[in-house]
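Okay, so here's the structure we're looking at.
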Amino acid sequence: MKVLGRSFFWVLFPVLPWAVQAVEHEEVAQHVIKLHRGRGVAAMQSRQWVRDSCRKLSGLLRQKNAVLNKLKTAIGAVEKDMGLSDEEKLFQVHTFEIFQKELNESENSVFQAVYGLQRALQGDYKDVVNMKESSRQRLEALREAAIKEETEYMELLAAEKHQVEALKNMQHQNQSLSMLDEILEDVRKAADRLEEEIEEHAFDDNKSVKGVNFEAVLRVEEEEANSKQNITKREVEDDLGLSMLIDSQNNQYILTKPRDSTIPRADHHFIKDIVTIGMLSLPCGWLCTAIGLPTMFGYIICGVLLGPSGLNSIKSIVQVETLGEFGVFFTLFLVGLEFSPEKLRKVWKISLQGPCYMTLLMIAFGLLWGHLLRIKPTQSVFISTCLSLSSTPLVSRFLMGSARGDKEGDIDYSTVLLGMLVTQDVQLGLFMAVMPTLIQAGASASSSIVVEVLRVLVLIGQILFSLAAVFLVCLVTKKYLIGPYYRKLHMESKGNKEILILGISAFIFLMLTVTELLDVSMELGCFLAGALVSSQGPVVTEEIATSIEPIRDFLAIVFFASIGLHVFPMFVAYELTVLVFLTLSVVVMKFLLAALVLSLILPRSSQYIKWIVSAGLAQVSEFSFVLGSRARRAGVISREVYLLILSVTTLSLLLAPVLWRAAITRCVPRPERRSSL
């Protein structure tokens with residue numbers, strides 16, 4: 001194996017003149033020969049060099065075949081040797097097989113190198129596309145070679161383990177063991193069996209799956225001040241797999257499931273991120289309270305300071321955003337607790353018609369402006385739909401503790417606003433389901449537009465069917481399940497609140513799972529869970545709200561901080577004039593469209609609430625971040641449009657409390673005014 005390794009370098013060059021004779025670019029090839037063979041070598045010496053090198057290569061290949069035959073004979077002899085234990089046989093056979101594989105892989109590497117050299121010489125050296133394809137093929141070959149080398153290294157580790165097992169067995173046969181040693185030996189064997197049973201072999205099982213690509217990654221260790229500590233830390237992280245991996249696209253990865261599941265592990269980056277957010281959110285929230293701003297502004301500022309545009313200290317951005325989503329779930333559940341079904345029946349027509357009319361008007365204006373600015377209809381529809389959505393978590397915070405209309409026949413603005421936001425959440429689920437077809441329609445030819453329209457209509461039918469199924473599930477749950485379920489929880493949780501909290505959380509997760517399985521947004525499932533629980537009466541609602549609110553408050557802090565991670569002050573500063581103009585245009589347009597629609601569908605006696613509801617809807621939902629990122633990956637919008645959507649959304653969310661407070665101050669009588677901000 002060492003002879004073959006030393007010969008690998010000079011074996012490539014003897015075949016170079018032979019390959020050059022087959023190419024069309026003879027002058028370039030001769031120059032290459034001179035560069036690699038030496039200066040001014042005679043043609044006769046070149047041919048002699050080729051013949052000698054080919055004879056040496058043939059001799060190496062014959063020697064390799066002879067060694068393989070000897071290895072096969074040795075393997076057969078080991079398997080028939082009755083004097084060796086099973087562990088010793090396994091170790092020796094494994095070692096011989098690894099050596100066989102090494103010889104075969106080395107031979108394949110030689111011929112692959114020759115083939116690659118021949119292909120490169122036969123190509124056009126002026127063709128960048130051809131060189132790019134050759135480079136891609138070499139990169140793929142190197143990745144596969146790295147995978148093979150990694151596999152061989154793991155096999156060597158396994159062979160070393162078998163060797164240790166064989167030595168231990170020999171020692172046990174030559175000496176008597178104490179009772180404690182025998183117990184420990186039995187435990188060791190049981191532990192080995194346990195590791196073999198729970199090990200999934202995910203690498204070997206997935207490396208040949210269709211669509212799996214081999215990638216080169218960097219493994220980054222924690223920086224330590226002391227080099228000795230650094231070595232110790234690296235050894236520990238190498239064993240536990242806690243290092244960070246970075247691919248060629250600058251994506252960063254952390255461990256999600258270890259090979260050895262018997263050792264508990266923790267993501268220290270994620271722990272530090274949550275601790276940092278919790279500590280910095282306190283002074284930021286205090287500062288906003290002192291100057292009369294909502295505390296959520298402080299949490300967003302906390303995310304800005306810690307995010308990529310600030311100190312860049314948040315390492316587990318995806319994990320922080322995922323935890324923040326639970327803040328949305330519990331916020332919408334508490335909103336559902338205050339949203340009684342009786343009030344929903346009173347305003348269901350307004351809640352259904354208002355958002356639909358607003359979305360259609362926004363799309364119409366978007367297509368008009370897109371036609372004037374020569375923007376593709378697909379992009380215009382997407383941008384208009386994103387901007388038509390409003391933030392349910394933000395408005396829910398506005399409405400916490402706000403006034404309620406208790407008069408007979410009076411329509412409460414909070415009920416209308418929440419009903420319209422729930423309808424927008426349904427529209428969000430519908431749009432996310434239709435989005436792949438919308439992307440395909442934008443990329444398809446005009447001849448297939450009819451087919452794409454039919455596909456969109458089919459998807460709309462599926463969503464309507466899913467909504468009907470969700471409505472049926474809610475009816476069954478309200479009539480047969482929620483009452484006995486809560487009574488059982490209340491009975492079991494006397495003196496132990498954790499059972500009540502766990503039971504309600506499980507019900508929330510059940511409802512969001514049901515709506516997710518039915519292809520409706522998970523947020524709607526959380527809201528419906530709260531509405532179903534609220535049907536049990538005000539006493540139940542108050543008890544559950546008291547238990548869930550602390551959880552909601554902490555997770556909401558993480559959620560608003562995660563929004564701040566996507567705020568880029570430098571980009572806003574560079575394009576401040578354009579962004580302020582676009583934000584004000586969007587806010588004013590949404591406010592006026594909402595006021596126009598509500599003036600047409602609200603009863604005359606409730607016309608005064610249209611200004612409050614319009615102010616609550618005059619901002620852009622944070623889910624435009626999700627929609628925008630998907631559209632950017634799919635090529636529907638460019639990077640510039642994505643950053644504009646991000647910035648306009650953020651500025652509109654920052655402007656929303658000011659507009660809401662102005663509407664409450666102007667339209668709500670002073671004795672009834674209780675701001676939730």
Does any non-hydrogen side-chain atom of Ile501 lie less than 4.5 Å from one of Ser505? yes
Return the set of residues passing ring-ring contact (aromatic ring centres under 6.0 Å, His included) with Phe330 (not counting sequence neighbours), or none when no residue passes. none
Provide the closest heavy-atom pair for Glu492 versus Ile499 in the form atom of the first, atom of the second, distance. CB-CG2, 4.2 Å
For a quick test of reading the model, state the closest non-hydrogen atom pair linking Asp267 to Ser316 and the distance between them. OD2-OG, 3.7 Å
Do you know which two heavy atoms are closest between Thr276 and Lys272, and how far apart they sit? OG1-O, 2.6 Å
Determine whether more than 12 heavy atoms belonging to other residues, nucleotides or ligands lie under 6.0 Å from atom CZ of Phe507. yes
Enter the distance from Phe554:CZ to Ile277:CD1 here, rounded to the nearest 0.5 Å. 8.5 Å
Determine yes or no for a side-chain-to-main-chain donor-acceptor pair under 3.5 angstrom, with Ser466 supplying the side chain and Leu518 the backbone. yes
Minimum side-chain heavy-atom gap Ser638-Tyr642 below 4.5 Å: no
Find out whether Asp273 and Lys315 are in side-chain contact, i.e. whether some heavy atom of one side chain is under 4.5 Å from a heavy atom of the other. yes
pair Leu68-Lys64: side-chain heavy atoms closer than 4.5 Å: yes
For the side-chain contact (heavy atoms from CB on, under 4.5 Å) test, which of Val320, Ile314, Val318, Val275 pairs with Phe270? Val320
Taking all atoms of both residues into account, what is the closest heavy-atom pair of Pro308 and Leu565, and its distance? CD-O, 3.4 Å
Thr477 side, atom OG1; Met511 side, atom CE - distance, nearest 0.5 Å: 5.5 Å
Would you say the side-chain atoms of Tyr485 pair up with the backbone N or O of Ile504, donor to acceptor, closer than 3.5 Å? no
